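Below: one structure, written as structure tokens.
Numbers here are sequence positions counted from 1. If you're wondering where the values come from, they're calculated on a predicted model, not measured in any experiment. Every heavy atom of this structure was used, including side-chain atoms; hydrogens, water molecules and symmetry mates were not.
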Amino acid sequence: MIKNVSASFSGTLNYGYSTWFVKVEQAVDFEIFSSTDLQVNTKLTCGNNRVAADTSDCYLTFHKLLLHLHGNKQPSWFKQIFTDFISFTLKLVLKSQICKEINYVANLLADFIQDKAENFLSNGDIGVNIDVTSFPVIKENYMESYHKGFLAYKNLPVSYNASTFSPSLLTSNRMLYFWFSEQVLDSLVLAYFLDHHLELNLTRAELKDILQDDKSESHQEILQEILEEQSTDHTAAKVWSLTAPRIKITPRGTVVTSSVAVQIKTCSSAELYFETETVTHMQASYTDKKLMLHPSDPLVYITNMRSSLSVSLNKEQMIQFLQTVVSEFGIPAVVKRLEPALTTLMNSKGLKLFEIINPEIIPYEGYLVVQLDFGFPHHLLVDFLKKTL
């Protein structure tokens with residue numbers, strides 16, 4: 001409900017009449033002064049598998065609508081009859097047209113928001129189906145909508161278990177909540193694996209940067225052979241996922257289980273290849289418009305290894321070396337690259353344009369909740385409406 005909205009308009013009114021022998025056209029400048037109350041009883045519906053707004057229950061009440069022609073504030077009796085007639089007609093037209101425009105703009109914005117959401121959850125061929133699964137509802141102090149959340153990737157069939165979501169799982173003191181099941185996150189990671197995003201090539205300089213903090217005396221011989229001088233832009237190591245990482249969400253954080261292969265080549269054509277299973281707890285936060293990942297308690301198992309290096313380490317010593325390198329240097333190095341990559345991806349979808357206030361990413365058993373307050377970039381909305389309307 002909006003009360004006592006005052007507005008004034010000025011323009012030119014063109015009118016005329018004609019017969020077969022005469023034609024008269026007139027133009028008169030005018031000003032309109034109005035004061036109105038507006039009440040819109042909004043209902044949410046489903047349209048084309050999306051949230052749609054129905055604002056047909058709309059009331060416009062005029063406290064005042066004054067029309068002045070040629071700036072004449074005290075018109076003659078004939079002009080007064082003329083202006084009263086036009087004013088009456090304007091009231092009827094405006095009541096109908098304004099409510100129609102409100103309904104049009106409401107659905108325009110609903111589509112705009114859902115298009116943005118769909119785009120935010122997509123990257124190339126990877127997307128998320130956000131079709132609604134039931135009628136959205138407006139509660140006393142919030143609106144609620146349920147969406148499929150199915151992975152959309154090259155016709156890959158994906159099925160989820162029944163959702164365990166309930167509104168009682170959320171608090172009521174924040175502006176915006178997102179509830180994600182681990183199934184949704186697990187399927188997104190699967191798509192990124194299938195789309196070959198979980199692969200990494202490292203130059204000698206990058207590999208040296210990762211391993212330079214390893215000061216263990218027993219590791220120096222093998223590090224020296226691995227990092228021996230060669231072109232800094234030469235690919236010295238390749239890292240790739242053998243299978244799609246698995247996601248499990250617990251109150252301690254998101255548990256990421258990965259099966260990874262690593263191949264390291266020296267300039268003398270010696271090679272170190274190994275496969276490893278890693279289990280890492282991951283906490284996430286969003287600060288200063290940057291996504292931060294916090295790994296902890298990594299478990300590393302070397303499952304396969306072959307080496308043509310000349311170092312004098314037995315198999316057990318080599319496995320111990322690789323476990324240390326992966327847990328203390330490899331996992332942090334991957335996280336260090338993931339953070340800016342994911343931040344850049346989210347910013348490319350427009351997240352940086354919003355003022356995100358005190359965001360929290362809270363893990364529970366089988367799901368996580370993202371809750372936040374935000375400041376809407378009104379200038380973007382105004383620009384959008386100017387271009388669209």
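- In this structure, the side chains of Glu339 and Met292 come closer than 4.5 Å at one or more pairs of heavy atoms.
- Ring-plane geometry between Phe354 and Phe374 is classed as perpendicular, the angle between the planes exceeding 60 degrees on a 0 to 90 degree scale with a lower cut at 30.
- Looking at Thr36 and His63, their side chains never bring a donor and an acceptor atom within 3.5 Å of each other.
- Counting only N and O atoms by type, the side chains of Ser145 and His147 include a donor and acceptor under 3.5 Å apart.
- Taking 4.0 Å as the cut-off between side-chain N and carboxylate O, Asp37 and Lys3 do not count as a salt-bridged pair.
- Side-chain contact of Tyr192 with Asn123: a donor-acceptor pair under 3.5 Å is present, judged by distance alone.
- If you check the side chains of Glu316 and Gln320, you find no donor sitting under 3.5 Å from an acceptor.
- Between Tyr301 and Thr276, the closest side-chain pair of non-hydrogen atoms is not below 4.5 Å.
- Aromatic rings of Phe9 and Phe33 (six-membered ring for Trp) have centroids beyond the 6.0 Å cut-off, not under it.
- At most 12 non-hydrogen atoms from other residues, nucleotides or ligands lie less than 6.0 angstrom from NZ of Lys238.
- In the displayed structure, Lys352 atom NZ is contacted under 6.0 Å by at most 12 heavy atoms of other residues, nucleotides or ligands.
- Note on ring orientation: taking the six-membered ring where Trp is involved, the planes of Phe165 and Trp179 are perpendicular (angle over 60°, cut-offs 30° and 60°).
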